[in-house]
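Let me begin by presenting the structure, written as structure tokens, before commenting on it.
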2 protein chains.
Amino acid sequence: MANLTTISDLQKMATTHIVLLVMDGLGGLPRDLDGQTELEAAATPNMDRLAREGTLGMTIPLGAGLTPGSGPAHLSLFGYDPIARPVGRGVLESIGVGLEVGPGDVAARGNFCTLDSQGRIIDRRAGRIPGDQAAPITERLAAIRLDGAQVTVRHVREHRFAIVLRGPGLDPALDDTDPQTTGVPPLPVRALQPSAAKTASLVQAWVDQAFERLRGEPMANGLTLRGFSTDPALPPFPKTFGVRAGCIAVYPMYRGVSALAGMQVVAFDGETPGDEFRAAAAVWNDYDFLFIHVKKPDSRGEDGDFEGKAQAIEDVDRALPALLDLKPDVLAVTGDHSTPSRLRSHSWHPVPLLLWAPATTRRDVQERFGETACAAGGLGNFPASDLMPLLLAHAGRLEKYGA
Amino acid sequence: MANLTTISDLQKMATTHIVLLVMDGLGGLPRDLDGQTELEAAATPNMDRLAREGTLGMTIPLGAGLTPGSGPAHLSLFGYDPIARPVGRGVLESIGVGLEVGPGDVAARGNFCTLDSQGRIIDRRAGRIPGDQAAPITERLAAIRLDGAQVTVRHVREHRFAIVLRGPGLDPALDDTDPQTTGVPPLPVRALQPSAAKTASLVQAWVDQAFERLRGEPMANGLTLRGFSTDPALPPFPKTFGVRAGCIAVYPMYRGVSALAGMQVVAFDGETPGDEFRAAAAVWNDYDFLFIHVKKPDSRGEDGDFEGKAQAIEDVDRALPALLDLKPDVLAVTGDHSTPSRLRSHSWHPVPLLLWAPATTRRDVQERFGETACAAGGLGNFPASDLMPLLLAHAGRLEKYGA
């Protein structure tokens, strides 16, 4: 783990461009003991060329054996220590849909659920109610007013919404109201420590009003709240690393975590890698550092869809020339964590990394971008939180330490 | 170094079996600059197959350049930081022969020595007096009674014994009484800080009585005490890692350090690797985690016996199918430290590691189990104390961190 103060003190002005291209859940496992991983099975001629010209390695998101969620995995790529500075899920979800969560605010994730006539949960996800039905119901909740806090509510997708409370003396030390099972009612809002008693009462008052307004809904006639949390006050990314930093991402979570780090979220149309690279071209001169996030490899991995994940990687490779045409000085192609389709979930396995910086990378002996090559790559295995200093150095953006 | 609290918080229930097979002193050096190490020279067809199917790496026991003793080396493999939590040699020796050392107790190692008529040490090890002669002499010391502490003494082997004091207000801050040379008498018992003054007096009183009872012995007519220490209060291994943990080891030291960590020591007959694997089979369903310790590679290494060490490794390989028949989900084959026969001693060199977990390991390009292959293996070089979280992850025993 690099010391962020040290890095910050060594900033050097430069006109170089850094791109961090993250294929979510990139790391994989072979289908069988003799085979190739998703990345290795994918045809990636462009990345393979970059692998030959650059250096490979493996990043460890959080530590040996630790499987990261999306939030911690990205914070680590952004140079932070997500275990020393945990960020709540409520905060990530809220910021992901464009809600602001400032110091002292309390954010949570909400799930609509289906209750029976006795108020017991039948379906914890309200039948995964479609967004076009859930959004207007969420609007109804947004109209609730509380004495003592200003409340903002926004739909996320399907049965999910985010809620943020702002007001004096709030404390996020509240337990989830989701009982994690069916056949019982949602739990009351409970303070985990005395300092959160007032916040618990406020949130319970909001929940009581919400249940009134949901009465009669066929599916979404109840709700639960989870992941109460507040702004983690991260050292701002642009100031820490001395770069104008932009985020190009389709999914709210990744825009949210970027905003939390202080990056600017770039608005653009479309959702393919090609659309994202076009967005990068459009703002190229406004930023020194661009984080570009591609979600699909992770989604296909979680579906257990080996071929689909490999194709999602191929989609990125095919679009890559448009990004290379922008002539980044430093390009890192990597993932935030592994999502082997064999496991249908995130995993702890180290993550393939391709570092390409024509002016400053050493080459290694590797010829292709893949797990086996990266494990034997010139950069070795190292903590993901060390990547940012490495990228800055390759971009000529760090001074010498000491004389 | 993984944070044990984080690991403990992420425990996930599973029915998987983990085996940590430790060949003591496994790491070696080639006989000459062009040659193979003991492990590489050994014929190990079974381990080589596992190497092809699994992933190799190197563990660093304590840190770059640090040569570990047996105790620290094993504590590191068990996930602890032996530098942050030092364990005294007296404690390890005592627990190794089945003595209990609880919080507040004071343990030490004892050596019989030979004194001349002036009370000066002639032989610091009493001619390595055979155990069948030393044991009854030790019994004589066990009969000594003290006011203020209960004392237990037990023979270890040859000239060595262990002693444990239990009573109110004891403090292990005592200096060794072994002058580490001959021609001078054993040192008096000396407190290293004022709080240990009472304990120094008690131990001196015991030593005085012991010298009385040893008078007239031809070889063992004196003794020295070393390594005064108390229970280090390690976080219990089974609770920390969420596994029912058993130790299969022949030598007292390794049973002792396992017990200190809170593992159960499995009783069994025999002492060959085959005997140990049979013991594993007998208790297979009682444990989720088995630590199996094989001493001989280290002993042969310390003898400077290259061939003998290679043969000791071959003995393990030949017996290995019986262990594999138990179908462990995760098998780590490694050492606690290196003991190159060329150096005739423990060394600081990283230790070969073979990680085999059919459901979850990535392969690397390595085809054989050996130092050269492990140094280029897919897991890279990493701290031995990170091995436990890695094994738990491969066994499906760790939850995701964060969302």
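In what follows, chains are A, B, ... by sequence order, proteins preceding strands, each numbered from 1.
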Student check: side-chain heavy atoms of [X] and [Y] closer than 4.5 Å:
{"X": "A:Pro350", "Y": "B:Arg362", "result": "yes"}
{"X": "B:Lys400", "Y": "A:Ser347", "result": "no"}
{"X": "B:Leu398", "Y": "A:Thr67", "result": "no"}

Shortest non-hydrogen contact from [X] to [Y]?
{"X": "A:Pro72", "Y": "B:Gly402", "value": "CG-CA, 3.9 Å"}
{"X": "B:Leu379", "Y": "A:Asn381", "value": "O-ND2, 3.4 Å"}
{"X": "A:Trp348", "Y": "B:Ala393", "value": "CH2-O, 3.2 Å"}

Leading residue by heavy atom contact count with chain B [cutoff under 4.5 Å; candidates [options]]:
{"options": "A:Gly65, A:Ser70, A:Gly28, A:Ala373", "result": "A:Gly65"}
{"options": "A:Ile83, A:Leu62, A:Leu66", "result": "A:Ile83"}
{"options": "A:Gly63, A:Pro68, A:Pro61", "result": "A:Pro68"}

Please answer whether the main-chain N or O of B:Tyr401 pairs with a side-chain N or O of A:His346 as donor and acceptor at a distance below 3.5 Å.
no
Ranking B:Ala376, B:Gly378, B:Gly380, B:Gly377 by heavy-atom pairs under 4.5 Å to chain A gives rank one to B:Gly378
Side-chain donor-acceptor contact under 3.5 Å, A:Thr37 with B:Arg363
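Short answer, no.
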Kindly compute the distance separating OG1 (B:Thr360) from CZ (A:Arg342), expressed to the nearest 0.5 Å.
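Here the rounded value is 7.5 Å.
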[X] portion near chain A, given a 4.5 angstrom heavy-atom threshold:
{"X": "B:Thr55", "answer": "neither"}
{"X": "B:Leu10", "answer": "side chain"}
{"X": "B:Leu391", "answer": "neither"}

Atom NZ of B:Lys239: over 12 foreign heavy atoms under 6.0 Å
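Result for NZ/B:Lys239: open.
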